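Bear in mind the structure is a predicted one, so any value in this text is a computation, not a measurement.
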Amino acid sequence: MIKVAINGYGTIGKRVADAVAAQPDMEVIGVSKTSVSAEAYIAKERGFPLYIADIEKRESFEKAGIPVAGDVEEMIKKADIVVDATPGGVGAKNRPIYELYKKKAIFQGGEDADVAEISFNAHANYKEAIGKQSARVVSCNTTGLVRVIHALDQAFGVEKVRAVMVRRGGDPNDIKRGPIDAIVLNPVTIPSHHGPDVRTVLPHINIVTLAMIVPTTFMHMHTVQADLKKETTRDAVLEVFRSHNRIGLVTKATKITSNAQLREYTQDLGRPRTDLWENGVFEDSVSVLDGKEFYCFQAIHQEADVIPENIDAIRALMGTVNDPDESIRMTNEALGFVAI
Ligand SMILES: NC(=O)C1=CN([C@@H]2O[C@H](COP(=O)(O)OP(=O)(O)OC[C@H]3O[C@@H](n4cnc5c(N)ncnc54)[C@H](O)[C@@H]3O)[C@@H](O)[C@H]2O)C=CC1
Ligand SMILES: O=C(OP(=O)(O)O)[C@H](O)COP(=O)(O)O
């Protein structure tokens, strides 16, 4: 069993911990928090040993009824691999301690690409990641873009991509973020950072991205346009998406045309935390004009789509599974999901 520590048990970290615990070949040996919060009680309920960044705070945790297993350094020593899910930029500050103890480490998309040896997406570059000491799972928006672009590129070749990200203002539990009533051009400059981030995984892709932030929390919404190299049809593209295990199709029959309805759907499906781990491509939006001009809308659940990618990154870095398709299959099966 691969011994996994999750440093930063928050929105992403708690989902990674549950996903690790579901896998047949890995186990959670500890999670970390900086202060007592609701998630600390969840970690206790799940039976995950809780470590804390500042051991001086042990008393505050124990007064709150939260047993403390030790400090973060002790957790790191016990692990084979650390998933760093601390706030953006903190991972880079934690990297030296992972290096000190020669522990493999996985970082998240809030870190700069140079935090790790490779920027990772299971479908795009799993094999290149095998055996590496560190990887960065690219952010939710980049993960969603890489999945659809890589699928199109493999099937038809991609000349260039133009994409607009309509991003959620914050996560449902982000009570300090907004906007409340505005469409914020973010960034106002073009291109946004997403295009270059896609190229950290798919360096050959000619891509320009634009982004804004709007008052929603459930999911991001992308418009993706790609010029394809080979002539194709809408049906052929739909077949590619239907056979992809992390691209889901929001079908016409569901009458879903929004992130809110899609979240209700994942809730009714019984997904843990209503998580949509796959891309949510709107079937009716998939278009191919003049044989080579592809368009679609896709919803991206920011809290969820990077989670299976973290699991595959663990296997790749540990070198326990060399076949990407086998790891992806194992991950999805253990999470109990088939793309919608
Ligand atoms: N929330 C989202 O929608 C997405 C976030 N990400 C990335 O995932 C990473 C984590 O983001 P979230 O989970 O949203 O953050 P979060 O704020 O929900 O959780 C971060 C956790 O790290 C803990 N923490 C803070 N400083 C720490 C330290 N020095 N040592 C140990 N633990 C510490 C906090 O207590 C908290 O539990 C960031 O890089 C972010 O950019 C990526 C995709 C989507
Ligand atoms: O929007 C996101 O990343 P992005 O920078 O790829 O757009 C992710 O949801 C995480 O970033 P945030 O939670 O800091 O907005």
Side-chain angles (χ1 to χ4, degrees), residues 109 119 121 123-125 138-168 183-214 216 218-244 246-252 256-259 261-262 276 278-302 305-306 339-340:
S119 288
N121 173 271
H123 285 84
N125 63 5
V138 291
S139 87
C140 45
N141 283 300
T142 306
T143 293
L145 288 170
V146 165
R147 281 179 182 161
V148 72
I149 294 167
H150 180 258
L152 291 170
D153 195 34
Q154 291 291 96
F156 312 108
V158 167
E159 285 289 355
K160 69 176 184 181
V161 178
R162 299 296 180 259
V164 176
M165 258 78 43
V166 179
R167 301 155 77 192
R168 65 86 174 92
I183 298 172
V184 182
L185 299 177
N186 178 317
V188 68
T189 51
I190 296 170
S192 72
H193 65 275
H194 303 92
D197 208 27
V198 166
R199 289 168 63 95
T200 65
V201 180
L202 301 171
H204 62 291
I205 293 292
N206 168 347
I207 178 170
V208 172
T209 53
L210 303 81
M212 63 192 78
I213 291 180
V214 295
T216 188
F218 297 147
M219 296 177 192
H220 304 303
M221 193 70 82
H222 293 178
T223 66
V224 182
Q225 191 280 316
D227 289 350
L228 305 176
K229 290 180 178 170
K230 282 193 283 188
E231 286 223 1
T232 189
T233 63
R234 176 174 184 271
D235 286 346
V237 170
L238 284 171
E239 204 34 55
V240 167
F241 288 170
R242 284 192 191 99
S243 63
H244 193 295
R246 288 191 187 151
I247 293 178
L249 281 178
V250 183
T251 62
K252 181 190 188 77
I256 292 172
T257 56
S258 70
N259 62 347
Q261 291 163 300
L262 184 51
L276 184 77
E278 63 272 48
N279 293 25
V281 173
F282 288 79
E283 183 184 26
D284 260 1
S285 76
V286 174
S287 304
V288 177
L289 308 184
D290 302 329
K292 290 186 177 182
E293 248 182 74
F294 165 84
Y295 296 84
C296 82
F297 290 127
Q298 64 173 6
I300 298 298
H301 186 184
Q302 71 282 357
D305 74 335
V306 299
I340 56 171

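- With rounding to the nearest 0.5 angstrom, the CD atom of Gln302 is 10.0 Å from the CZ atom of Phe218.
- Note that OG of Ser258 is 7.5 Å distant from CD1 of Ile256, once rounded to the nearest 0.5 Å.
- Taking CG from Leu289 and CZ from Arg234, the interatomic distance works out to 11.0 Å, rounded to the nearest 0.5 Å.
- Taking all atoms of both residues into account, the shortest heavy-atom contact from His204 to Asp153 is NE2-OD2, 2.7 Å.
- Residues Val148 and His222 fail the side-chain proximity criterion, which asks for heavy atoms closer than 4.5 Å.
- Interatomic distance, Leu152 CG to Ile247 CD1, rounded to the nearest 0.5 Å: 7.0 Å.
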Apply side-chain hydrogen bond (donor to acceptor under 3.5 Å, both in side chains) to residues Arg162 and Asn206 and explain how you reach the verdict. CA-CA 9 Å; Arg162 299 296 180 259; Asn206 168 347; 3.1 Å; yes

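- Using a 4.5 Å cut-off on side-chain heavy atoms (C-beta onward), Val224 and Phe294 make contact.
- Closest heavy-atom contact between Val240 and Ser243: O-OG, 2.9 Å.
- Residue Asn141 comes nearest to Met165 through the heavy atom pair OD1-CG, 3.4 Å, listed as atom of the first residue, atom of the second, then distance.
- For the pair Arg246 (side chain) and Ala339 (backbone), a donor-acceptor distance under 3.5 Å is absent.
- Shortest non-hydrogen contact noted between His194 and Ala211 is CE1-CB, 3.7 Å.
- Side chains of Lys292 and Asp227 form no contact here, defined as non-hydrogen atoms less than 4.5 Å apart.
- Between the side chain of Lys160 and the backbone N or O of Val208 there is no donor-acceptor pair closer than 3.5 Å.
- Residues Ile300 and Asn279 meet the side-chain proximity criterion, which asks for heavy atoms closer than 4.5 Å.
- Checking side-chain atoms of Asn121 against main-chain N and O of His123 turns up a donor-acceptor pair under 3.5 Å.
- Taking both residues in full, the closest heavy atoms of Gly195 and Thr209 are given as N-OG1, 2.8 Å, listed atom of the first, atom of the second, then distance.
- Between Val201 and Val138, the shortest heavy-atom distance links the atoms CG2-CG1, 3.7 Å.
- In this structure, Met221 CE and Arg167 CZ are separated by 15.5 Å, a value rounded to the nearest 0.5 Å.
- Proximity of Val164 to Thr223: side-chain heavy atoms (C-beta onward) are separated by under 4.5 Å at one or more points.
- In this structure, the side chain of Ser285 does not engage the main chain of Glu283 through any donor-acceptor pair within 3.5 Å.
- In the displayed structure, Phe297 atom CZ is contacted under 6.0 Å by at most 12 heavy atoms of other residues, nucleotides or ligands.
- Interatomic distance, CG of Leu202 versus OG1 of Thr142, reported as 10.5 Å (0.5 Å rounding).
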